[in-house]
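One structure is given below, encoded as structure tokens.
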There are 2 protein chains.
Amino acid sequence: MELSERKLKILQAIISDYVRSAEPVGSRTLSRKFDLGISPATIRNEMSDLEEMGYLTHPHTSAGRVPSDKAYRLYVNSLMPKQELTPQEKRTIADRLQADINEFDRTIQHAAQILSEITNLTSFAMTPTKTEETLKFVNLLPVDKNTVVLMIVSDSGEISNTAMRIKVPYTEENLQLLAKSMTYTYRGKKLTDVLKSHIQKNFETDIEAMSRLADDILPDFMKTLEEMLNVQLYMDGLTNIFDLPEYSDIDKARKFLALLDKKEDFTKKIIERDDGMIVTIGGENADDMMNDCSLITATYCVDGKMVGKIGVIGPTRMRYGEITSIMEYLTENLNNTFKLESGEKDSE
Amino acid sequence: MELSERKLKILQAIISDYVRSAEPVGSRTLSRKFDLGISPATIRNEMSDLEEMGYLTHPHTSAGRVPSDKAYRLYVNSLMPKQELTPQEKRTIADRLQADINEFDRTIQHAAQILSEITNLTSFAMTPTKTEETLKFVNLLPVDKNTVVLMIVSDSGEISNTAMRIKVPYTEENLQLLAKSMTYTYRGKKLTDVLKSHIQKNFETDIEAMSRLADDILPDFMKTLEEMLNVQLYMDGLTNIFDLPEYSDIDKARKFLALLDKKEDFTKKIIERDDGMIVTIGGENADDMMNDCSLITATYCVDGKMVGKIGVIGPTRMRYGEITSIMEYLTENLNNTFKLESGEKDSE
DNA sequence: ATTAGCACTCATTTATATCGAGTGCTAACT
DNA sequence: AGTTAGCACTCGATATAAATGAGTGCTAAT
């Protein structure tokens with residue numbers, strides 16, 4: 001069977017109404033609310049066809065129709081109108097992101113906040129994955145007799161450090177030498193590779209004292225690297241779902257929140273997703289737990305490189321057009337913010 | 001009216017039963033389950049007295065009795081038995097805290113995790129408040145032509161840093177001089193005071209170039225300080241409340257989660273609480289939102305100084321004895337962990 | 001091809017009856 | 001005096017039944 005123009009129109013109307021009301025929509029209501037120029041009976045026939053084609057489902061015999069995942073997919077792929085943001089939304093985004101220039105994590109966190117506020121859904125934002133980053137230099141700074149600060153800087157300017165207890169006595173000179181030596185060995189290597197190589201001090205160690213110092217420092221070095229590679233996932237609007245009728249069943253709400261409660265697992269799932277604006281609808285999600293959720297993620301860039309993800313999660317019934325538009329605008333803004341930050345800071 | 005021995009016994013029995021079952025407890029049930037040696041009728045009389053005295057309430061005429069806040073208060077103050085942890089619990093705590101020595105935030109986060117797992121309640125843990133910390137030194141490290149790393153170290157070894165864009169050209173020498181100068185000015189001062197003093201460069205600036213450098217750096221310096229002073233609040237077991245009958249009403253659950261969703265506000269409330277093990281029950285909480293919650297917080301120490309808080313929040317009906325014991329043990333362990341960390345790391 | 005008409009379905013709502021755990025009171029018993 | 005058995009009464013919870021109404025599918029007329 002073909003998807004006639006009229007069928008498409010009806011389907012779009014159903015989706016539009018259902019997304020708004022969360023109630024199965026019947027032929028009568030449809031003909032009343034939308035000016036389709038055909039009678040409920042005709043609509044019923046078309047609906048019946050659409051159901052057969054898999055675009056609609058029927059909660060039970062005497063209920064209206066509900067769009068299926070397939071319908072939403074069609075909608076997202078071809079029916080969905082591109083929605084312009086309201087000036088107010090634009091302002092909100094721009095203003096609030098501007099506020100915390102130079103505080104990376106904070107900015108990301110706020111992005112999630114904004115997103116959940118505008119969409120009324122649950123949102124999340126991930127700090128950049130640093131798998132592509134390379135080591136720029138290592139520094140070791142004396143603090144006191146048995147404390148040293150280890151500092152690792154990556155090519156993107158990401159810094160991480162730890163204060164370490166040092167067991168062996170050290171001289172400032174040795175420290176500097178060791179730092180230089182480590183920098184020399186690892187400079188330009190990917191952080192992940194350095195970490196993976198599980199190094200047993202494969203940098204020059206001609207001096208005995210330095211060798212012992214290196215032994216002392218290595219575990220902390222690895223740990224610091226590891227920490228540096230960690231991504232943070234910020235969530236916001238967790239309680240927004242309580243406003244959605246699909247989660248008025250407490251058990252549904254619990255399951256939803258449980259899904260997000262296991263942050264590590266969730267983070268992993270987000271990381272694995274492709275770059276760019278990705279929409280996965282209901283059953284399209286591999287995870288069973290998400291089979292009646294839709295997940296939209298987008299990628300933002302720092303200095304032009306694709307790195308972090310931001311997204312929303314909610315019921316399959318969501319305002320795809322609006323949300324993707326918002327996310328597009330938001331990521332654009334993030335990209336700019338993160339370009340500005342390292343670029344023309346003088347404009348301030 | 002006096003609280004006779006018998007009344008106490010009955011009250012304790014009621015609390016014990018109610019805490020377990022969440023069902024109003026009646027005289028009949030009580031006499032069956034507890035060997036009080038008196039008939040239901042007598043119990044009824046005593047209950048009636050206890051109600052008059054404010055220790056019990058009555059959801060409705062034909063329901064059993066429920067302990068009031070006052071009853072729990074009495075229980076916590078004098079009736080509550082000290083509960084020994086199971087060896088398994090002890091092992092869990094010790095093991096899981098041991099795992100991440102040297103990763104402060106991680107440890108705190110895990111402490112919250114453990115706490116929620118053992119208590120089946122919602123838990124939280126706050127990183128140390130650094131209001132008492134003093135500045136130890138400031139360092140400025142050249143990265144490239146227009147990037148400099150600013151690093152602030154506090155007396156406790158806490159480090160914070162930012163990579164900054166520098167507008168004016170600088171020499172390594174100037175940087176070092178400036179860092180020394182800043183260190184000299186602020187060393188030993190409390191971080192908060194340095195931040196509050198809202199300094200307009202009140203350290204020596206005889207050299208013109210350095211002065212401009214300082215202007216460039218100060219905003220970031222303040223921001224970094226601010227960031228350093230921030231406390232993090234980690235939460236865990238948010239969804240645990242769904243297992244509690246008091247939150248089977250979706251609206252209650254929503255309110256509870258909304259309370260915790262406003263993290264900043266909640267953090268503020270926690271910070272304000274006194275040190276040590278503090279239990280506030282229902283109406284004792286100033287915040288209306290918490291009027292049917294109990295909140296237990298405890299303080300942990302780093303190097304012997306009271307600094308961070310950890311706690312649980314749940315319905316007033318909670319196993320106070322068990323939970324406070326767990327928290328005592330947990331904070332003890334934290335204290336040790338954080339002493340070890342900077343002390344006898346050689347034992348590894 | 002479209003539509004009006006009609007019987008049928010079924011979740012939801014409203015009304016009603018029943019149940020049972022619990023109380024409070026009184027009178028009898030130690 | 002304090003304790004207990006007995007009993008009427010209360011009231012939320014549960015179960016059952018009837019009424020409602022939005023919606024469907026089918027048929028026959030347009």
Side-chain angles (χ1 to χ4, degrees), chain A residues 1-11 13-15 17-18 20-68 245-246 248-250 252, chain B residues 1-11 13-15 17-18 20-53 55-68 245-246 248-249 252:
Chain A
M1 208 181 309
E2 265 303 290
L3 260 179
S4 67
E5 193 64 31
R6 194 169 69 178
K7 279 194 175 61
L8 279 179
K9 226 181 197 163
I10 291 175
L11 187 56
I14 292 174
I15 292 176
D17 194 69
Y18 184 73
R20 196 187 41 73
S21 71
E23 296 290 334
V25 359
S27 54
R28 196 178 180 65
T29 336
L30 210 60
S31 81
R32 240 188 296 115
K33 287 198 200 159
F34 296 82
D35 195 23
L36 296 165
I38 43 177
S39 79
T42 315
I43 295 175
R44 274 206 288 286
N45 287 330
E46 295 286 45
M47 277 174 156
S48 183
D49 289 353
L50 283 166
E51 179 160 7
E52 209 179 321
M53 295 163 79
Y55 291 107
L56 295 177
T57 56
H58 227 183
H60 56 84
T61 335
S62 70
R65 298 313 212 284
V66 172
S68 67
E246 21 271 284
S248 63
D249 174 14
I250 195 146
K252 292 259 176 63
Chain B
M1 206 182 309
E2 267 302 287
L3 261 179
S4 66
E5 193 64 31
R6 194 170 68 181
K7 279 194 174 60
L8 279 179
K9 226 181 195 163
I10 291 174
L11 187 56
I14 292 174
I15 292 176
D17 194 68
Y18 183 72
R20 196 186 42 73
S21 71
E23 297 289 335
V25 358
S27 54
R28 198 182 178 62
T29 336
L30 210 61
S31 82
R32 243 188 292 113
K33 287 197 200 159
F34 295 81
D35 195 21
L36 296 165
I38 44 176
S39 79
T42 313
I43 294 176
R44 274 205 288 285
N45 288 330
E46 295 285 45
M47 278 175 155
S48 182
D49 289 352
L50 283 166
E51 179 160 6
E52 208 179 322
M53 294 163 80
Y55 291 107
L56 295 177
T57 56
H58 229 182
H60 56 87
T61 336
S62 70
R65 295 319 208 284
V66 172
S68 67
E246 21 270 283
S248 62
D249 175 14
K252 293 259 176 64

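These numbers were taken from a predicted model, which means no experiment stands behind them. Chain A is the first sequence line, chain B the second, and so forth, proteins listed ahead of strands; every chain is numbered from 1.
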Looking only at heavy atoms, what is the nearest atom pair of A13(A) and F34(A), with distance? O-CZ, 3.6 Å
Value for CG (L8(A)) from OH (Y55(A)), rounded to nearest 0.5 Å, stands at 8.0 Å
I43(A) has an atom CD1; how far is it from atom P of dT2(C), in whole Å? 12 Å
Give the rounded distance in Å between these two atoms: CD of E2(A) and C1' of dA1(C). 18 Å
Where do I250(A) and S248(B) come nearest, in terms of heavy atoms and distance? CD1-O, 3.2 Å
Please list, in numerical order, the residues of residues 46-62 of chain A that have a heavy atom closer than 4.0 Å to any atom of DNA chain D. M47(A), H58(A), T61(A), S62(A)
In whole angstroms, how far is the C1' atom of dT2(C) from the NZ atom of K7(A)? 14 Å
For K7(A), does the NZ atom sit with more than 12 other heavy atoms under 6.0 Å from it, leaving out its own atoms? yes
How many angstroms lie between CD in E246(A) and NZ in K252(A), if you round to the nearest 0.5 Å? 8.5 Å
Examine distances only and state if a side-chain atom of S27(B) and a backbone atom of I43(B) form a donor-acceptor pair shorter than 3.5 Å. no
Integer-rounded Å distance: dA1(D) C1' and R6(B) CZ: 12 Å
Output one line per pair: protein atom, nucleotide atom from nucleotides 13-15 of chain D, and distance, for all N/O pairs under 3.5 Å.
none

Could you check whether the side chain of R28(B) and the base of dG22(C) have a donor-acceptor pair of N or O atoms closer than 3.5 Å, going by distance alone? no
Output the distance between atom CE (M53(A)) and atom CD (E2(A)), rounded to the nearest 0.5 Å. 7.0 Å
Quick one: CZ on R20(B) to CG on D17(B), what's the gap to the nearest 0.5 Å? 4.5 Å
Take atom CG of N45(A) and atom P of dG23(D), then tell me their distance rounded to the nearest Å. 17 Å
Mapping P40(B) and A63(A) onto DNA chain D by nearest heavy atom, which one lands closer to the 5' end? P40(B)
Hey, is the side chain of S39(A) poking within less than 4.0 Å of OP1 or OP2 on dT2(C), counting only N and O atoms? no
Considering all heavy atoms of both residues, which atom of L56(B) and which atom of S68(B) are nearest to each other, and what is their separation? N-OG, 4.1 Å
Let me confirm one number: the NZ-CD distance from K9(B) to E46(B), rounded to the nearest 0.5 Å. 11.5 Å
To the closest 0.5 Å, what do you measure between CZ (R44(A)) and CZ (R65(A))? 9.5 Å
If you check every side-chain atom of A41(A), which of dT3(C), dT4(D), dT23(C) has the closest atom? dT3(C)
Picking from dT24(D), dT4(D), dA4(C), which would you name as closest to the side chain of R44(A)? dT24(D)
Pair partner, dA1(D) [Watson-Crick or wobble, under 3.5 Å]: none
Based on the glycosidic angle (syn within 90° of 0, else anti), state the conformation of dA1(D). syn
Please state how far atom CZ in R65(B) lies from atom P in dG22(C), giving the value in whole angstrom units. 11 Å
Minimal heavy-atom distance between G64(A) and P59(A), with the atoms involved, is O-CD, 3.3 Å
Strand contacts (DNA chain D) in residues 29-37 of chain A, 4.0 angstrom heavy-atom criterion: T29(A)
